Amino acid sequence: MTAGRRRQALAAIGRDLIARDGGPAERRAKALLHSLSGTALPPVALNHLRDVPDWLRLPRAALQALAQRVALLSMAPALAATIDGALLGAHARVAGEDALDWAITRAGKVPGGGLPPIEASRLTRRGTALMRMGLPAPLRDLVGPEAEPIDCSAALVKFCLAETLAGARAA
């Protein structure tokens with residue numbers, strides 16, 4: 001790949017990340033809020049753009065759906081074992097019945113027995129947290145700084161991301 005093509009590829013990644021983050025006014029407002037709260041986000045360096053995975057370039061709605069699937073898969077063993085119809089129904093309403101069924105069919109593959117189930121309203125935040133953990137440290141703030149803190153194994157994170165991305169490609 002020529003130097004010009006490499007620059008074009010990096011510029012395309014940067015454009016995708018900026019487009020996903022809303023317009024200039026939204027980005028300035030976010031930066032101001034972070035600055036005022038003392039949690040200013042470090043800028044992403046040009047050399048970090050090479051490490052941006054394809055899924056991080058997806059539009060917000062697609063990232064949210066991906067996060068929900070990652071979260072469902074992380075707790076698939078518990079979902080497969082439950083008889084709580086209200087819990088299953090709530091997750092199906094948030095992420096879709098197909099996503100819930102997809103995760104439950106993979107329950108036996110989830111490393112370490114997965115995570116305990118959460119309320120459906122927290123599904124996106126858990127998935128976002130898992131997705132953040134799967135990124136190199138300099139890129140983590142590109143995925144929802146509002147994600148909930150989570151404690152789980154790197155093997156679970158890697159499995160949930162890989163399996164979800166493979167399922168998204170197959171769909």
Side-chain angles (χ1 to χ4, degrees), residues 13 16-22 26-27 30-31 33-34 37-44 48-49 51-82 84 87-96 98-169 171:
I13 292 169
D16 289 346
L17 293 175
I18 288 170
R20 186 185 53 109
D21 246 2
E26 186 178 341
R27 287 191 301 277
K30 269 193 223 175
L33 288 174
H34 283 292
S37 69
T39 60
L41 301 175
V44 175
H48 295 143
L49 291 180
D51 299 330
V52 171
D54 290 342
W55 60 262
L56 188 53
R57 297 172 65 182
L58 294 171
R60 281 186 199 183
L63 272 177
Q64 181 176 334
L66 188 65
Q68 290 169 351
R69 280 185 169 248
V70 167
L72 286 171
L73 187 57
S74 75
M75 57 186 176
L79 294 174
T82 190
D84 185 348
L87 176 77
L88 295 172
H91 283 84
R93 281 188 295 282
V94 169
D98 290 343
L100 180 63
D101 291 343
W102 170 85
I104 288 173
T105 62
R106 287 156 177 77
K109 297 179 184 179
V110 177
L115 297 171
I118 55 171
E119 298 170 11
S121 63
R122 294 176 46 212
L123 204 56
T124 303
R125 287 194 310 266
R126 174 175 281 179
T128 301
L130 290 164
M131 291 163 63
R132 274 180 68 118
M133 290 176 67
L135 289 170
L139 299 177
R140 288 187 180 150
D141 285 329
L142 294 174
V143 178
E146 71 283 352
E148 67 178 34
I150 193 165
D151 182 27
C152 67
S153 71
L156 179 64
V157 171
K158 185 176 179 179
F159 170 80
C160 289
L161 273 172
E163 189 76 12
T164 302
L165 292 170
R169 281 193 277 285

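Quick note: residue numbers are just sequence positions, from 1. All values derive from a computational prediction rather than experimental measurement.
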What pair of heavy atoms forms the shortest contact from [X] to [Y], and how long is it?
X      : Y      : answer
Ala129 : Ile150 : CB-CG2, 3.8 Å
Pro117 : Ala78  : CD-CB, 3.5 Å
Leu88  : Leu100 : O-CD2, 3.3 Å
Ala71  : Leu130 : CA-CD1, 4.3 Å
Leu156 : Pro111 : CD1-O, 3.9 Å
Glu163 : Trp102 : O-CZ2, 3.6 Å

[atom2] on [Y] to [atom1] on [X], rounded to 0.5 Å:
X      : Y      : atom1 : atom2 : value
Leu165 : Met131 : CG    : CE    : 8.0 Å
Leu115 : Arg126 : CG    : CZ    : 4.5 Å
Gln64  : Arg125 : CD    : CZ    : 11.5 Å
Leu66  : Cys160 : CG    : SG    : 11.0 Å
Thr124 : Arg69  : OG1   : CZ    : 13.0 Å

* Looking at side-chain heavy atoms only, is the closest gap between Thr164 and Arg106 below 4.5 Å? ->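 No. Closest side-chain heavy atoms not under 4.5 Å.
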* Note, Val94 side chain near Ser121 side chain (heavy atom, < 4.5 Å) -> no
* Asked: What residues, two or more places apart in sequence or in another chain, satisfy salt bridge (charged side-chain N to carboxylate O under 4.0 Å, His left out) together with Arg122?
  ->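 For Arg122 the salt bridge (charged side-chain N to carboxylate O under 4.0 Å, His left out) partners, ignoring immediate neighbours, are Glu148.
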* Please check if the side chain of Thr82 supplies one atom and the backbone of Leu79 the other of a donor-acceptor pair under 3.5 Å. => no
